[in-house]
Q: 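Before we start, here is the structure in question, set down as structure tokens.
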2 protein chains.
Amino acid sequence: MTNRRATIADVARVAGVSPSTASVVFSGKTPVSDTTRLRVIEAADSLGYTGPDPRAASLRLGRSGIVAVVVGSSLNFMFVDPVQRLLMDGLAEAVAPLGAGLLLLRRDDELDIENAPTLTTASIDAAVLIGCDGSLRASLPIVQARGIPVVVVEGDAGEGIPRIALDNRDAQRRAAQYVRDLGHARVAIVTLWQDAAGTVGWIAPDAEIAVDVTRDRLQGARDVFPDAPAFACAGSSIDDGFAAGRVLFADPRTRPTAVIAQSDLLAAGVIRAAEDAGLRVPQDVSVTGFDGVPVDGLAPYELTTLVQPATAKGRAAGAAIAAMLDGREPESVNLTSTFRIGNTTSRAG
Amino acid sequence: MTNRRATIADVARVAGVSPSTASVVFSGKTPVSDTTRLRVIEAADSLGYTGPDPRAASLRLGRSGIVAVVVGSSLNFMFVDPVQRLLMDGLAEAVAPLGAGLLLLRRDDELDIENAPTLTTASIDAAVLIGCDGSLRASLPIVQARGIPVVVVEGDAGEGIPRIALDNRDAQRRAAQYVRDLGHARVAIVTLWQDAAGTVGWIAPDAEIAVDVTRDRLQGARDVFPDAPAFACAGSSIDDGFAAGRVLFADPRTRPTAVIAQSDLLAAGVIRAAEDAGLRVPQDVSVTGFDGVPVDGLAPYELTTLVQPATAKGRAAGAAIAAMLDGREPESVNLTSTFRIGNTTSRAG
DNA sequence: TTGTAGGCGTTATCAG
DNA sequence: CTGATAACGCCTACAA
């Protein structure tokens with residue numbers, strides 16, 4: 001009744017074969033005669049051996065089957081965003097065939113907790129950085145020094161690091177053009193966060209925005225409406241959009257006839273605010289979103305929005321990782337969004 | 001310019017010390033003289049050595065610093081629920097001091113993908129099973145055979161496995177009592193999924209429900225309103241609640257004056273449906289939720305609901321894991337929800 | 001088809 | 001405070 005777990009050597013001994021043979025029975029890398037296989041399996045059963053210890057295997061093979069996903073501080077915050085969720089789904093799906101799972105890690109610089117796991121200390125085969133803005137970039141040297149493949153989604157990590165990007169500016173421009181073609185001239189923009197602090201409020205016309213997504217989408221809208229005022233939110237949520245909408249619709253004389261929101265959740269909030277202000281959507285105000293994700297509770301509205309291939313983004317990141325682990329050159333990918341017309345936009349009155 | 005990464009042995013050689021000494025410099029387990037430490041650090045720098053290889057360390061130490069979280073099929077689906085997100089946050093927080101991170105794994109039986117990582121093949125120190133209903137229970141023998149500590153959240157895994165549970169029935173009963181005390185008699189219940197398939201519709205009065213949460217909360221409500229009709233939803237979302245609400249409010253003559261929803265998201269949907277049917281909340285219909293999570297876009301309503309300690313649930317699971325890894329006896333915990341009165345309930349007209 | 005031998009990179013133990 | 005030694009459990013040339 002020893003406490004030690006059985007090892008493959010034990011199994012081999014009981015089965016009366018050599019360790020390598022027993023190993024092969026489990027890995028299937030080499031043909032084994034049926035009788036030996038059976039003996040080994042039986043021995044394993046009798047010992048309660050459930051297969052090779054992954055820890056030992058990963059040392060030997062140099063692979064741990066784990067891909068790190070570096071997220072911001074709070075999982076809760078991150079997964080509020082449907083786009084992130086779909087992204088993770090795509091990623092999980094794409095790395096599964098590699099025998100890899102996703103390890104959630106926080107950013108290295110948020111170490112309030114003693115000896116928390118980090119990119120440096122975790123046994124990982126690769127890392128995915130999401131939204132590589134500033135602070136995330138600090139993680140890079142670490143993984144690079146360890147020689148771990150990295151891929152960046154929605155962000156720029158510099159030379160030689162594959163990126164999975166979106167045509168944010170182009171796509172947003174297309175939506176803006178559509179809005180203009182509908183005859184709208186008084187247009188307001190509701191943006192995602194403009195900085196890490198999540199400063200809420202009107203964005204100065206000449207402000208430099210450090211957050212890639214926000215900047216790019218804003219530029220796209222400004223390509224068509226150069227003077228449109230832009231209001232920055234703290235995050236991507238209905239509540240944030242609602243608060244922004246309240247401000248936009250506060251003054252009946254200056255209120256916009258169309259609002260370009262940088263996410264579907266924000267757009268949903270803006271719509272709520274419009275209703276709240278006694279405005280009908282789309283008759284009195286047109287609203288566009290971005291993302292093309294199902295917004296829980298938005299029915300019967302169907303947003304006019306840009307459908308981004310969120311799951312594909314994850315899959316592309318997974319594919320890049322697979323390539324790198326294979327020793328192949330990873331590709332940076334630039335995905336494109338599709339403009340979809342819903343029932344939240346109409347001709348300017 | 002060899003491609004091999006430097007090992008601690010290389011560092012030791014360059015520093016002119018023994019490998020064990022070099023190791024100790026990194027682990028800090030034993031005092032080292034400043035001069036040697038410096039020499040080792042310098043050697044490491046010059047070789048680009050970033051610290052012990054986690055794979056080797058985990059073999060040696062028998063710890064990988066990874067805790068598996070077994071989720072249903074889709075991350076997207078799972079993380080829609082704010083309760084799950086908070087739970088994960090608490091869990092991450094609680095295992096971080098152990099130097100552990102969270103590995104997302106799918107259920108073993110959903111293996112459509114060849115060689116996907118599983119509870120059997122991943123190097124994990126412990127596992128958390130969330131919502132241990134039926135199919136999840138299949139994972140148990142596997143981990144137990146491997147001698148891996150397991151804790152179950154919101155579900156029953158049988159003997160000897162620590163559980164983190166909630167006072168679902170008691171809590172729901174308290175809410176129901178409150179509703180009754182307000183004078184409501186025609187009450188309907190909107191429930192979470194009643195089976196894995198997510199069958200939508202009225203629940204037969206004598207139906208046996210296999211999903212623990214749903215059953216327990218339903219019993220709590222029925223303790224007070226034994227004959228209240230219950231309508232089952234497919235999931236916990238505003239849209240699901242809306243659909244249910246539509247049915248409840250379809251016939252003005254039989255419509256309930258109060259609805260007990262089994263989650264806040266469902267309650268939000270029911271409220272929408274009520275508005276949609278021209279009913280005012282709470283004047284015409286009272287609605288209660290369950291969970292006490294912020295529902296994006298629900299303002300200005302503040303739900304009358306049961307606030308469950310979602311993050312604490314995660315932390316408790318983490319604590320149980322910490323205990324087991326420490327060789328201590330883990331505790332099963334029974335957390336309690338707090339009844340909170342919002343503005344979605346009022347006296348029966 | 002099976003066995004032998006060596007090493008993957010660490011770290012705990014124990015002796016100096 | 002430092003160093004030698006021995007595992008940790010497995011996999012894979014290579015030889016038989």
Side-chain angles (χ1 to χ4, degrees), chain A residues 2-40 43-44 47-65 99 120-125 146-148, chain B residues 2-40 43-44 47-65 99 120-125 146-148:
Chain A
T2 165
N3 241 343
R4 208 175 110 277
R5 305 207 54 67
T7 75
I8 204 169
D10 299 327
V11 174
R13 192 168 346 99
V14 170
V17 301
S18 83
S20 55
T21 306
S23 169
V24 159
V25 167
F26 288 101
S27 74
K29 294 261 185 188
T30 306
V32 182
S33 78
D34 282 351
T35 52
T36 1
R37 187 203 325 290
L38 206 66
R39 276 230 303 289
V40 171
L47 291 173
Y49 180 81
T50 46
D53 178 339
R55 282 184 280 260
S58 81
L59 171 58
R60 180 64 235 249
L61 301 172
R63 283 282 164 82
S64 59
T120 348
T121 59
S123 1
I124 57 179
D125 293 338
R146 273 181 69 190
I148 292 175
Chain B
T2 165
N3 240 345
R4 209 176 108 277
R5 307 209 51 70
T7 75
I8 205 168
D10 300 326
V11 173
R13 193 168 342 99
V14 170
V17 300
S18 80
S20 40
T21 305
S23 168
V24 160
V25 168
F26 287 101
S27 73
K29 295 259 183 186
T30 308
V32 182
S33 80
D34 283 351
T35 52
T36 2
R37 187 202 327 288
L38 206 66
R39 276 229 302 287
V40 171
L47 291 174
Y49 180 81
T50 46
D53 177 340
R55 282 183 279 261
S58 80
L59 171 57
R60 178 63 237 240
L61 299 171
R63 283 283 163 82
S64 59
T120 348
T121 61
S123 2
I124 57 179
D125 294 339
R146 274 182 68 191
I148 292 176

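We name chains A, B, ... by the order of the sequence lines, and we start the count at 1 in each one.
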Q: Measure from CZ on B:Arg55 to P on C:dT11 and round the result to the nearest Å.
A: 14 Å
Q: How long is the line joining CG of B:Leu47 and P of C:dG9, in whole Å?
A: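 After rounding, the gap between these two atoms is 14 Å.
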Q: Which whole-number value in Å describes the distance from A:Leu38 CG to C:dT1 C1'?
A: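 Taking CG of A:Leu38 and C1' of C:dT1, I get 16 Å after rounding.
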Q: By nearest atom, which of the nucleotides C:dT4, C:dT10, D:dT5 is closest to the A:Ser20 side chain?
A: C:dT4
Q: Between B:Asp53 and B:Arg60 (salt bridge meaning N to carboxylate O under 4.0 Å), is one present in this structure?
A: no
Q: Answer yes or no: is there a donor N or O on one side and an acceptor on the other, between the side chain of A:Ser123 and the main chain of A:Ser64, under 3.5 Å?
A: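 Side chain of A:Ser123 to backbone of A:Ser64: no pair is present.
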Q: Could you please spell out the steps behind the side-chain contact (heavy atoms from CB on, under 4.5 Å) verdict for A:Ile148 and A:Ile124?
A: CA-CA 8 Å; A:Ile148 292 175; A:Ile124 57 179; 3.7 Å; yes
Q: Look at the side chain of A:Pro52 and decide which nucleotide, out of D:dA7, D:dC10, D:dG3, has an atom nearest to it.
A: D:dC10
Q: Should B:Val40 and B:Arg37 count as side-chain neighbours, where that means a heavy-atom distance under 4.5 Å?
A: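 No, every pair of side-chain atoms sits at 4.5 Å or beyond.
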Q: Which nucleotide in the list D:dT2, C:dT2, C:dA12 gets nearest to the side chain of B:Thr30?
A: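 My answer, after comparing the listed nucleotides, is D:dT2.
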Q: Separation of A:Asp10 atom CG from D:dA7 atom P, in whole Å?
A: 15 Å
Q: Could you state the atom-to-atom distance from CZ of B:Arg146 to C1' of D:dG9 in whole Å?
A: 13 Å
Q: Just checking B:Leu59: base, sugar-phosphate only, or nothing, at a heavy-atom cut-off of under 4.0 Å?
A: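 Base contact.
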Q: Among the candidates C:dT11, D:dG3, C:dT4, find the nucleotide nearest to the side-chain atoms of B:Ser23.
A: C:dT11
Q: Let me know, please, whether B:Ala56 or A:Thr21 comes out on the 5' side of the other along DNA chain D by nearest nucleotide.
A: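 That would be B:Ala56.
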Q: To the nearest Å, give me how far apart CZ (B:Arg5) and P (C:dG7) are.
A: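 The answer, rounded to whole Å, is 22 Å.
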Q: Just call it for A:Phe26: base, sugar-phosphate, or nothing, with non-hydrogen atoms closer than 4.0 Å on any strand.
A: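 The answer is nothing, as A:Phe26 stays clear of every strand by at least 4.0 Å.
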Q: In this structure, how many angstroms lie between the P atom of D:dA7 and the CD1 atom of A:Ile8, rounded?
A: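 So the two atoms are 20 Å apart, to the nearest Å.
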Q: Measure the distance from NZ on B:Lys29 to C1' on C:dT10 and round it to the nearest whole Å.
A: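 Between C1' of C:dT10 and NZ of B:Lys29: 13 Å.
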Q: Classify the nucleic acid contact of A:Val17 as base, sugar-phosphate or nothing, counting any heavy atom under 4.0 Å across all strands shown.
A: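 Result for A:Val17 = sugar-phosphate.
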Q: Go nucleotide by nucleotide along DNA chain D from the 5' end; which of B:Asp34 and A:Pro19 gets its closest nucleotide reached first?
A: B:Asp34
Q: Between A:Thr7 and D:dG9, does any side-chain N or O lie under 4.0 Å from OP1 or OP2?
A: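 Answer is no, no contact under 4.0 Å.
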Q: Is there a side-chain contact between A:Phe26 and A:Ile8 (heavy atoms, below 4.5 Å)?
A: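 Yes, close enough: below the 4.5 Å cut-off.
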Q: Ignoring backbone atoms, test whether B:Thr36 places a side-chain nitrogen or oxygen under 4.0 Å from the OP1 or OP2 oxygen of D:dT2.
A: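 For B:Thr36, the contact criterion (side-chain N or O under 4.0 Å from OP1 or OP2 of D:dT2) is met.
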Q: With the side chain of A:Ser18 defined as its heavy atoms from C-beta on, choose the nearest nucleotide among D:dT5, C:dG3, C:dT1.
A: C:dG3
Q: Of all the choices, D:dG9, D:dC1, C:dG9, which nucleotide is nearest to the side chain of B:Ser33 once you look at every atom?
A: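 Looking only at heavy atoms from C-beta outward on B:Ser33, the closest nucleotide is D:dC1.
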Q: Less than 4.5 Å apart, side chain to side chain, heavy atoms only: is that true for B:Asp125 and A:Arg55?
A: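 Heavy-atom side-chain distance check passes, below 4.5 Å.
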